[in-house]
Amino acid sequence: MPSIVMPIIHAIPKLEDYGLSAETGFLPEEPPLLRLPQKYYRPWETIMESFNALLLADRLKEVVDDMPVLSADHLRNDAERRRAFLLLSFIAHGYVWGGKFAAEVLPASIAVPWDRVAAALEVRPVCSHASVCLWNFRPIFAEEPLSLTNLMTLYTFTGSLDESWFYLVSTAMESRGAPTLPIILSAMRSVRANSIKEVTYGLRALAIHIDDMAVALTRMHDKCDPHIFYNKVRPFLAGWRNMAEAGLPQGLRYEGCEDHADGAFRNYSGGSNAQSALIHMLDVALGVEHHQTGDGKLQTIQAISPRNDFMIDMRNYMPANHRRFLEHLEQVANIREFCLEHKDDAILSEAYDACLAMLKAFRDKHLAIVSRFILIPASNARRQASADSRPGTGISATSGTSTPKGLASVISESRSQLKGTGGTNLMAFLKQTRDETGQMAVSNWAKVLMANDYGHADLSNCDERLFIGLNGAEVDDWTEGGICSA
């Protein structure tokens, strides 16, 4: 008689096993270090004490070029390594993008220790979401919870309040998203217990917290000026991938690290919210799949396209414990499957689809920010470049070898060619991830509402089921009862 192979049932992950917390989520439980304790690393700390002044005076490169190559072996724990990674990230990106022309070679004084620290942390040596948002803050008042009224940045490239606010909004969003971690794990345990009631309760709570994250994101407009961000901040956050027009046709060479598996020239993406494990976790938990960016026809993309390489690659920029938590979560993700199996339960389906609606709304708000902070300034830059190159002005948009390099100098011909700091075709990628979120809805009714086909909804595709009233009771139609009925 053939033996029966029993399926492996993985345990639901525990936050403490991955250095995560229900209070701080993917942010470190203790605030980042304010200084490395070893005198050996004083050269790095000294540069950062005058970092903005050195950039302003165009003297950062000469200071870095004269700096000795320090070993990373004296860093004793991950807190110190995260501090070192933060310092080296700012120094490196200031070196590459801070001058009139992009630097194609990163000197060994930065490249060698940065590469070693990154290897120890199992991240890529490039300025990332982790370095500017997760490891670059301190509370103003230690006894108060983290929020936009109790956060400050440790470092910025420009020294501007706008840049600080840009990072802190993401930090605050991570803090607001912390409760979603235990909620998701609890919902997964409730699925295994086959408790529709508890899964529904968890999904309703999750929807509320996703909405709370979106509220934090909308605060971006309060204190960050789009012109300053686009022209002054964004260029420093770019990586070395797809940056030929910005002055790095081959990527960036890390001097002294030429024997690395990634080659002599590295091609890494820059900082991106796609590197946030919080957003990836929500996708994994809710079963949202992202495919290769296509031509905008979502059904065709889903039918023929594999998983999105960019989203997969973004995990390589996350802290190792975040990446491993996501990998574990993928092995036990069961919420979507459970909701599909019980799709006749209207209240459960409503709770699940509400989570997707909130996540899609979050991505809509992100798109609105991208439009205001990148698309509109880029359009203004195109018009200015066109005006400057008109006959009679004596200026050509493409003339001469003295054209400054860097992301701010790249004039995209159209929205479709505009690249993000991560090196992607920005709007096509963001719109598709937004639309894919809505299309995962359990009920056809919810899919129609989230299809972005405004004014052309095919109501024949909606589910035939009883409506659910505000008190959770089933009603036959919308014509009787309601909050305004006598």
Side-chain angles (χ1 to χ4, degrees), residues 18-19 44 64 67-75 77-78 80-97 102-132 134-135 237-244 246-272 274-277 280 290 292-293 306-328 330 419-424 429:
Y18 294 93
W44 300 347
V64 171
M67 192 169 66
V69 179
L70 302 180
S71 170
D73 294 342
H74 302 289
L75 300 168
N77 51 54
D78 280 349
E80 292 182 2
R81 294 183 189 98
R82 289 193 290 265
R83 169 75 182 175
F85 190 88
L86 169 67
L87 301 177
L88 295 170
S89 293
F90 270 87
I91 296 171
H93 279 246
Y95 188 97
V96 173
W97 298 119
E104 296 185 66
V105 179
L106 188 65
S109 58
I110 295 298
V112 170
W114 198 22
D115 198 52
R116 300 296 185 270
V117 173
L121 292 172
E122 299 181 60
V123 295
R124 287 179 174 165
V126 70
C127 197
S128 63
H129 175 77
S131 50
V132 297
L134 303 184
W135 304 337
L237 299 177
W240 347 118
R241 175 177 290 174
N242 297 333
M243 290 294 163
L248 299 180
Q250 300 181 77
L252 182 69
R253 184 162 72 86
Y254 286 52
E255 186 181 49
C257 308
E258 286 82 1
D259 59 347
H260 193 276
D262 290 339
F265 281 85
R266 312 286 183 90
N267 287 273
Y268 297 144
S269 296
S272 168
Q275 296 160 356
S276 168
H280 283 247
H290 297 293
Q292 292 291 81
T293 304
R307 291 179 64 187
N308 189 288
D309 287 341
F310 177 75
M311 291 292 283
I312 296 171
D313 185 53
M314 287 298 96
R315 295 193 184 183
N316 293 311
Y317 298 82
M318 298 177 185
N321 58 319
H322 297 186
R323 184 168 60 250
R324 293 197 177 101
F325 175 75
L326 293 175
E327 291 167 354
H328 190 162
E330 283 180 323
K419 288 183 171 59
T421 50
T424 59
F429 167 73

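The structure presented is a predicted model; accordingly, all values stated were derived computationally and were not measured.
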If I compare all heavy atoms of Tyr317 with all of Tyr268, which pair ends up nearest, and what's the gap? OH-CA, 3.5 Å
By the salt bridge (Lys or Arg N to Asp or Glu O under 4.0 Å) test, which pairs, at least two apart or in different chains, include something from residues 107-121? Asp115-Arg266
Contacts of Asn77 that satisfy side chain to side chain donor-acceptor pair (under 3.5 Å) - sequence neighbours left out: none
Glu255: which residues meet the salt bridge (Lys or Arg N to Asp or Glu O under 4.0 Å) condition with it, sequence neighbours left out? none
How many angstroms lie between atom NE2 of His290 and atom NE2 of His280, to the nearest 0.5 angstrom? 8.0 Å
Glu80 side chain vs Asp78 backbone, donor-acceptor pair below 3.5 Å: no
Would you give the length of the straight line joining atom CG of Leu88 to atom SG of Cys127, rounded to the nearest 0.5 angstrom? 11.5 Å
What one should report as the nearest heavy-atom pair of Ile91 and Trp44 is CD1-O, 4.2 Å
Do Val96 and Leu248 have side-chain heavy atoms sitting under 4.5 Å apart? yes
Give me the atom names and distance for the closest heavy-atom approach of Trp240 to His93. CH2-NE2, 3.4 Å
In residues 102-114, what donor-acceptor pairs under 3.5 Å come from side-chain atoms, sequence neighbours left out?
unit_1: Ser109; atom_1: OG; unit_2: Val64; atom_2: O; d: 3.0
unit_1: Trp114; atom_1: NE1; unit_2: Ser89; atom_2: OG; d: 3.4

Do Leu237 and Trp97 pass the side-chain contact (heavy atoms from CB on, under 4.5 Å) test, and can you show the C-alpha distance, the side-chain angles, and the key distance before you say yes or no? CA-CA 9 Å; Leu237 299 177; Trp97 298 119; over 6 Å; no
Nearest 0.5 Å, what's the CZ-OG distance between Phe429 and Ser272? 6.5 Å
To check you understand the geometry: which heavy-atom pair defines the closest contact between Gln275 and His129, and what is its length? OE1-N, 2.9 Å
Only counting residues at least two apart or in another chain, list the ones meeting ring pair (Phe, Tyr, Trp, His ring centres under 6.0 Å) with His74. Tyr40
Can you give me the closest heavy-atom contact between Met318 and Val123, atom names plus distance? O-CG1, 3.1 Å
Has the side chain of His322 got a donor or acceptor atom that lies under 3.5 Å from a matching backbone atom of Arg315? no
For a quick test of reading the model, state the closest non-hydrogen atom pair linking Phe85 to Leu121 and the distance between them. CB-CD1, 4.0 Å
Check side chain to side chain donor-acceptor pair (under 3.5 Å) between Asp313 and all other residues, then give those that pass, not counting sequence neighbours. Arg124, Arg241, Asn316
